[in-house]
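Shown next, in structure tokens, is the structure this report addresses.
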Amino acid sequence: MPELPEVETVRRGLALRISGRRIVRAELRRPDLRRPFPPALAARLEGAVIGGLGRRGKYILIELDADGVLLLHLGMSGRVTTGSAALPAARHDHVVLTLDDGTVIRFNDPRRFGLVDYLNRGETARHPLLAGLGPEPLGDEFDGRYLVKALAGKLTPIKAALLDQRIVAGLGNIYVCEALFRAGLSPRRLAASIGRGRADRLAAAIRLVLTEAIAAGGSSLRNYVQADGALGYFQHHWAVYGREGEPCPGCDCAEGVRRIVQSGRSTFFCAKRQR
DNA sequence: CTTTCGTCCTGACTGC
DNA sequence: TGCAGTCAGGACGAAA
């Protein structure tokens, strides 16, 4: 389940391998993912020279030539692998790009919640998928002062508010649970009830869990990629996510980590530490 | 307007 | 062992 740290890890790994290379072949092995591929995508990709790689929330932006951008979203199950042409396309390899040095990039996505789009660089900020995104949680704009303002009047649990990409871009179910635990805030607390003090703690916790996860991804990237070329997932230790019934870390409460369902999603938390 | 909920999809897992 | 049923979740669009 790629969230901001996994996407950032993929971006960094990809940048090392494909920046400056020319795409010599683009194979679209189906016409769509979550939505249809844009018209003439293969033709736009073939011959293009790859520039820098950026990220906005959970989207990867790959600069092509002087004015193009390839937009990728990994959805739930998307993976990007780099390798040689020797490997035949596997099941769920939906987009396969061959570069001028023989590198083959494969976008594999079993559940097909991912997305591929092509845009002109000038319209990046206005693109419908990007325009409404909230600030980058690791950027200068994001802090307690911003959060208080963004959450004001929201009669929804803080858990749901943080999953809303318009409030802050890049968090998913795992890192929201982890950040709320680190901040000592109940996932059920109404967003509007978060004042400056709690917002400061929450913003700091969000930055911390993301920064730590990116560091873990970076350190595991080298070995992981050598194993099978896959970028997108790495082993990481969660404090509460997926740990229902286990002892709460750093707390001796009898109940341990609890799981509840909020807006159809699992939330993991400690009822004693998080208020 | 705001907020919630169903939907898309496949693979991993559970229980009989 | 096999198979049906359940669950996982990002983001969008419909519904309340």
Side-chain angles (χ1 to χ4, degrees), chain A residues 1-11 28-38 55-61 71-81 89-95 106-117 119 127-134 136-137 149-180 187-194 206 210 213 228 230 232-236 238 240-245 257-269:
Chain A
M1 39 225 84
E3 302 181 27
L4 187 152
E6 290 80 15
V7 174
E8 176 61 17
T9 299
V10 172
R11 185 195 70 77
L28 310 179
R29 305 188 68 244
R30 55 173 299 122
D32 58 13
L33 287 176
R34 198 169 82 212
R35 59 172 65 180
F37 293 142
R55 181 189 55 75
R56 183 74 177 92
K58 299 172 193 171
Y59 291 92
I60 295 173
L61 294 91
L71 188 68
L72 296 183
H73 193 291
L74 300 178
M76 253 300 292
S77 57
R79 282 170 176 261
V80 179
T81 63
R91 187 166 156 77
H92 307 310
D93 279 350
H94 305 310
V95 177
R106 296 179 173 85
F107 184 15
N108 183 288
D109 183 9
R111 290 182 209 176
R112 306 211 300 271
F113 285 8
L115 177 144
V116 177
D117 203 358
L119 45 144
H127 191 277
L129 294 167
L130 304 175
L133 293 177
E136 287 290 321
K149 214 166 55 182
L151 300 175
K154 293 239 172 282
L155 301 177
T156 184
I158 183 63
K159 163 78 187 304
L162 293 177
L163 284 174
D164 186 343
Q165 303 297 298
R166 294 170 298 184
I167 294 186
V168 57
L171 297 179
N173 204 37
I174 295 175
Y175 291 101
V176 167
C177 291
E178 294 293 312
L180 288 170
R188 293 187 282 210
R189 171 180 283 278
L190 286 192
S193 78
I194 292 183
I206 289 169
L210 295 179
D228 71 351
Y233 300 93
F234 48 87
Q235 293 195 332
H236 193 56
W238 316 121
V240 287
Y241 186 83
R243 295 183 173 273
E244 181 180 16
V257 176
R258 286 182 56 191
R259 184 181 82 92
I260 59 174
V261 175
Q262 296 180 287
S263 6
R265 303 278 184 268
S266 287
T267 300
F268 298 89
F269 72 113

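Just so we're on the same page: letters track the sequence lines, and every chain starts at 1. Computed from a predicted model, the values in this text were never measured in an experiment.
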* Structure fact -> Expected string for nucleotides 3-9 of chain B under the B/S/- scheme (protein heavy atoms, under 4.0 Å, primed atoms plus P, OP1, OP2 as sugar-phosphate) is SS---BB
* Structure fact -> Here the pair of heavy atoms bringing A/Leu190 nearest to A/Pro157 is CD2-N, 4.2 Å
* Asked: Heavy atoms under 4.0 Å, any strand shown: does A/Arg30 hit a base, just sugar-phosphate, or nothing?
  -> nothing
* **Backbone N/O of A/Thr81 and side chain of A/Asn108: donor-acceptor pair under 3.5 Å** => no
* Structure fact -> Nearest heavy-atom approach of A/Leu133 to A/Ala169 is CB-CB, 4.1 Å
* Can you tell me the distance, in whole Å, between the CG atom of A/Asp109 and the P atom of C/dG9? => 16 Å
* Short side-chain N/O contact to C/dG10 OP1/OP2 from A/His73, under 4.0 Å -> no
* **Spacing of A/Glu244 atom CD relative to B/dC13 atom C1', expressed in whole Å** => 15 Å
* Is any side-chain heavy atom of A/Leu129 closer than 4.5 Å to a side-chain heavy atom of A/Arg35? -> yes
* Just how far, in rounded Å, is C1' of C/dG9 from CD1 of A/Ile174? -> 9 Å
* To do: Might you work through the salt bridge (charged side-chain N to carboxylate O under 4.0 Å, His left out) test for A/Glu136 and A/Arg56, ending with a clear yes or no?
  => CA-CA 7 Å; A/Glu136 287 290 321; A/Arg56 183 74 177 92; 2.9 Å; yes
* Please report the closest heavy-atom contact between A/Ala150 and A/Ile167, naming both atoms and the distance. => CB-CG2, 4.1 Å
* Asked: Side-chain N or O of A/Gln165 less than 4.0 angstrom from OP1 or OP2 on C/dG10?
  -> no
* To do: Nearest whole angstrom, please: distance from the P of B/dG11 to the CZ of A/Arg79.
  => 13 Å
* To do: Determine yes or no for a side-chain-to-main-chain donor-acceptor pair under 3.5 angstrom, with A/Gln165 supplying the side chain and A/Leu171 the backbone.
  => yes
* Considering only side-chain heavy atoms of A/Ser266, which listed nucleotide, C/dG9, C/dC12, B/dG11, is closest? -> C/dG9
* Nearest to the side chain of A/Arg91 - B/dG11, C/dG10, C/dC12? -> B/dG11
* Rounded interatomic separation in angstrom, taking CG from A/Asp164 and P from B/dT2 -> 11 Å
* To do: For A/Leu133 and C/dG10, give me the distance from atom CG to atom C1', rounded to whole Å.
  => 12 Å
* **Gap between atoms CG and C1', on A/Leu33 and C/dC12 respectively (whole Å)** => 15 Å
* **Nearest-angstrom distance from the residue atom CG of A/Leu163 to C1' of C/dG9** => 10 Å
